[in-house]
Amino acid sequence: MTTTLSPLDRAKLAVAERASTLIASGMKVGLGTGSTATFLVRRLGERVRSEGLDIVCVPTSSATAALAREEGIRLASLDEAGWLDLTVDGADEFDPDFTLIKGAGGALLQEKIVATASNRMVVIVDVSKQVKALGAFPLPVEVLGFGMEATRALLEKVLETQDVDGRRIEPRRRDGKLFTTDEGNHILDLHLKRIGNALDLAQALNQIPGIVENGLFIGMCDTIILGNVDGTVETIMSSKDQTETGSSNRASSFRMAGAE
Ligand code: 5RP
């Protein structure tokens, strides 16, 4: 069956299989959205059926929820599940600092909430997502429908202050209509070409009231599972996130803050 896959899909399957080995019975797992996450959901479904893998999963979109249900995976809302052991998700770009652009599938808001409520975020990507500098991929920004033109005008002004190489803003459309997220919001795709300072940009975007969330994931991912088109897989850990016990500083600091 895998012989009919394209080289990129083979890479996606390989990273999904590697990520699946991090998941064991008893775990609470966040399930990402997108084509790479789809391979993981299918693999977990196989394991539920063949090994009786006993996990509770929180999906990050209605699409992932539907697929996971079809696969017979037990689902819970994030509020029912509470703190998660692990979230596995795809990405549109990642840079050497493990900063991500996410949201091509329009699920960035739930993805960010779920990843933030997890001890670890593991990202599964094919090699096409690896970049030296973020920004060639348009940055998705989720905005309220209310006052969207005012939000867009403010966004244009904010982008003038940012270290980027492009400033085109494009409302995302599907089937001739504005794309609507699972939360009933819309997406503006920012064609920035190069993002000089992701943290500055994310903070500036967060100051605009009509912006619900942006697709920059900063300091959230501790492990990248990278698939090459020859089928080989590399697991890259963020060295700055490692403690002696191997758990991430982000998780530890959340735990210390009583979030678990
Ligand atoms: C959806 C996402 C996806 O994780 C991202 O777009 C990667 O998708 P794919 O695995 O299909 O390339 O952020 O909102």
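Sequential numbering from 1 along the given sequence is applied to the chain's residues. One-based numbering, in listed order, for ligands and for the atoms of each.
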Nitrogen or oxygen contacts under 3.5 Å, ligand 1 side and protein side:
| unit_1 | atom_1 | unit_2 | atom_2 | d |
| --- | --- | --- | --- | --- |
| ligand 1 | 4 (O) | T33 | O | 2.9 |
| ligand 1 | 4 (O) | D89 | OD1 | 3.3 |
| ligand 1 | 4 (O) | G90 | O | 3.4 |
| ligand 1 | 4 (O) | K102 | NZ | 2.8 |
| ligand 1 | 6 (O) | D92 | OD1 | 2.5 |
| ligand 1 | 6 (O) | D92 | OD2 | 3.3 |
| ligand 1 | 10 (O) | S35 | OG | 3.4 |
| ligand 1 | 10 (O) | T36 | N | 3.0 |
| ligand 1 | 10 (O) | T36 | OG1 | 2.5 |
| ligand 1 | 11 (O) | S35 | N | 2.7 |
| ligand 1 | 11 (O) | S35 | OG | 2.5 |
| ligand 1 | 12 (O) | K129 | NZ | 2.6 |
| ligand 1 | 13 (O) | K102 | NZ | 2.8 |
| ligand 1 | 13 (O) | G103 | N | 2.8 |
| ligand 1 | 13 (O) | E111 | OE1 | 3.1 |
| ligand 1 | 14 (O) | G105 | N | 3.3 |
| ligand 1 | 14 (O) | A107 | N | 3.2 |
| ligand 1 | 14 (O) | E111 | OE1 | 3.2 |
| ligand 1 | 14 (O) | E111 | OE2 | 3.1 |

* R18 (side chain) donor-acceptor with I225 (main chain) under 3.5 angstrom -> no
Decide, yes or no, whether a salt bridge links R74 with D54 under the criterion of side-chain N to carboxylate O below 4.0 Å. yes
| Do T99 and D97 get their side chains close enough for a donor-acceptor pair, meaning under 3.5 Å? | no
Is it true that L109 and L216 fall in one hydrophobic cluster, defined by side-chain heavy atoms closer than 4.5 Å? no
Checklist entry - So, the side chain of N228 versus the backbone of A11: is there a donor-acceptor pair under 3.5 Å, distance only? => result no
Could you tell me if D230 and T232 have a donor-acceptor pair between their side chains, going purely by distance under 3.5 Å? yes
